Amino acid sequence: MTRIPPNSPPISVQALFDRAEGIAGRTLGELGADANIVVPEHFKQHKGFTGQLLELWLGATAGSKQQQDFPDLGIELKTIPIDHQGKVLETTYVCYVHLLSHIAEQWHTSAVRNKLGQVLFIPVIGERAIPPAQRTVGMPILWQPNDQEKAILQQDWEELMEQISLGQIESITSKLGEALHIRPKAANGEALTDAIGASGQIIQTRPRGFYLRKNFTQSLLNRAFDL
DNA sequence: TGATGATCATCT
DNA sequence: AGATGATCATCA
């Protein structure tokens, strides 16, 4: 059993998957202790802790990156909080929404498609009643969207981006989009960024992010675990 | 109780 | 300000 985090990136998809399987069943407390990292008592002020701890254990480059977590392998890493019955507890952040600079972008070159081309999902039993240190890492899932999922994602993305390019960003709520939707994404309500207004003018609005709905990630987990 | 909208830490 | 990692907290 691996007792120390790796000091280099995995050289293959199999090597990455093996690492992920190697930490399955362990708690965040154990993984933190073996890495000499203190696990917070709660995530109120450490919301990205789980993701960063698993990045360390899998050998992703430390710090935030602009593309995939394992660019040489073409794989994005996502931790997904579930309850003890395998139920997805939160939506999954995909990437920032470019409200001005990429509005003419096409689906096939989009950041969303790039990020979701191949994803290593690692479930973590993360019910709020369970202290972070006692939360358990689950079996990894290497996911590639099937044809139906690809079609839904593309359709949602195109619909959302069309609204943005038409100056309807303020009209977009998180209800729009079957699998992919848009919600605010910022450090606080003060943050503003440029976007296209209803009359074609530049307006200031709150930054947004793309997120996967819970039912979408749930179905992909179910498929992987044959539930 | 779940979904929506808001927020936290950190780095570039 | 933009982007990474997400979870929190409120309200319907």
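Throughout, a chain's letter reflects where its sequence line sits, starting with A, and its residues are numbered from 1. If you're wondering where the values come from, they're calculated on a predicted model, not measured in any experiment.
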### Query
What pair of heavy atoms forms the shortest contact from A:R26 to A:D34, and how long is it?
NH2-OD2, 2.7 Å
### Query
To the side chain of A:R213, which of C:dG5, B:dT4, B:dA6 is closest?
B:dT4
### Task
Among B:dC8, C:dT7, C:dA3, find the nucleotide with the atom closest to the side chain of A:P81.
C:dT7
Distance test, side-chain N/O of [X] to OP1/OP2 of [N], below 4.0 Å:
X: A:K185; N: C:dG2; answer: no
X: A:T50; N: C:dA6; answer: no
X: A:T193; N: C:dG2; answer: yes
X: A:S174; N: B:dG5; answer: yes
X: A:H46; N: C:dG5; answer: no
X: A:K44; N: B:dA9; answer: no

### Greater than 12 external heavy atoms within 6.0 Å of A:E158's CD
yes
### Task
Assign A:A186 to base, sugar-phosphate, or nothing according to its heavy-atom contacts below 4.0 angstrom with the strands shown.
base
### Message
Heavy atoms only, 4.0 Å cut-off, all strands: where does A:Q204 land among base, sugar-phosphate and nothing?
### Response
nothing
Below 3.5 Å, does any donor atom in the side chain of [X] face an acceptor in the base of [N], or the other way round?
X: A:Y93; N: C:dA3; answer: no
X: A:K78; N: C:dG5; answer: no
X: A:K175; N: B:dT4; answer: no

### Task
First locate atom CD1 of A:I80, then atom CG of A:L220, and finally report the distance between them rounded to the nearest 0.5 Å.
8.5 Å
### 5′-ward residue of the pair A:R183/A:Q45 relative to DNA chain B
A:R183
### Task
Could you say whether A:K47 or A:E90 is positioned toward the 5' end of DNA chain B, judged by the nucleotide with the nearest heavy atom to each?
A:E90
### Query
Is the cationic atom of A:K185 (NZ for Lys, CZ for Arg) positioned less than 6.0 Å from the six-membered ring centroid of A:Y96 and within 45 degrees of its normal?
no
### DNA chain C contacts among residues 117-136 of chain A, heavy-atom distance under 4.0 Å
A:R128
